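See below for the structure under consideration.
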Amino acid sequence: MGYLMEWSLRYHMQPLLTAALATGVLGGFTTYSAFNLEMTNYFQAGAWRGGLLYMTLTLIGCMLAGLAGYALGMRPQP
């Protein structure tokens, strides 16, 4: 995804096409790529606190959502 974003900037790709390829196609293959891109953007902009907060909340949120899904799936069916 990082390569696609840099390539799209260098060759002035249409923003809508870039978004469709980055989030639709590549994001569909791996959500981690989108997470990595957001983290990289925070850190490259010097927003270390925001980046670390984003990382922490994303990881904790994903873990809690996974545990909640597991707990719901383990409930006895009526």
Side-chain angles (χ1 to χ4, degrees):
M1 189 178 288
Y3 175 80
L4 173 65
M5 298 308 286
E6 287 302 316
W7 190 86
S8 69
L9 290 173
R10 178 174 297 172
Y11 295 104
H12 307 288
M13 188 186 297
Q14 292 294 322
L16 186 59
L17 178 59
T18 301
L21 290 173
T23 59
V25 176
L26 294 179
F29 287 118
T30 171
T31 304
Y32 181 75
S33 293
F35 173 73
N36 190 359
L37 178 64
E38 291 295 323
M39 290 293 304
T40 301
N41 287 340
Y42 272 112
F43 294 142
Q44 284 181 338
W48 289 93
R49 279 187 179 165
L52 291 173
L53 180 64
Y54 173 75
M55 179 178 64
T56 302
L57 292 176
T58 299
L59 294 175
I60 291 172
C62 287
M63 183 180 71
L64 292 175
L67 290 172
Y70 177 75
L72 288 172
M74 294 299 293
R75 288 187 356 190
Q77 297 298 319

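Here the structure is a predicted model, which is why all the values come from computation and not from measurement. Quick note: residue numbers are just sequence positions, from 1.
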Met63 vs Leu67, test: side chain to side chain contact (heavy atoms under 4.5 Å, CB included). Steps then yes/no.
CA-CA 6 Å; Met63 183 180 71; Leu67 290 172; 4.2 Å; yes
**Item:** Thr40 OG1 to Met5 CE distance, which is reported to the nearest 0.5 Å
**Value:**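 CE of Met5 is found 11.0 Å from OG1 of Thr40.
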Step-by-step side chain to side chain contact (heavy atoms under 4.5 Å, CB included) determination, Arg49 to Tyr42: CA-CA 9 Å; Arg49 279 187 179 165; Tyr42 272 112; over 6 Å; no
Shared ILVMFWY cluster between [X] and [Y], side chains joined below 4.5 angstrom?
{"X": "Leu16", "Y": "Tyr11", "result": "no"}
{"X": "Trp48", "Y": "Phe35", "result": "yes"}
{"X": "Leu53", "Y": "Leu37", "result": "no"}

query = Between Thr18 and Leu4, which heavy-atom pair has the shortest distance, and what is it?
reply =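 Nearest pair, atom of Thr18 first, then Leu4: O-CD2, 4.4 Å.
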For the side chain of Thr58 and the backbone of Met55, is there at least one donor-acceptor N/O pair under 3.5 Å apart?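 Not a single qualifying donor-acceptor pair exists.
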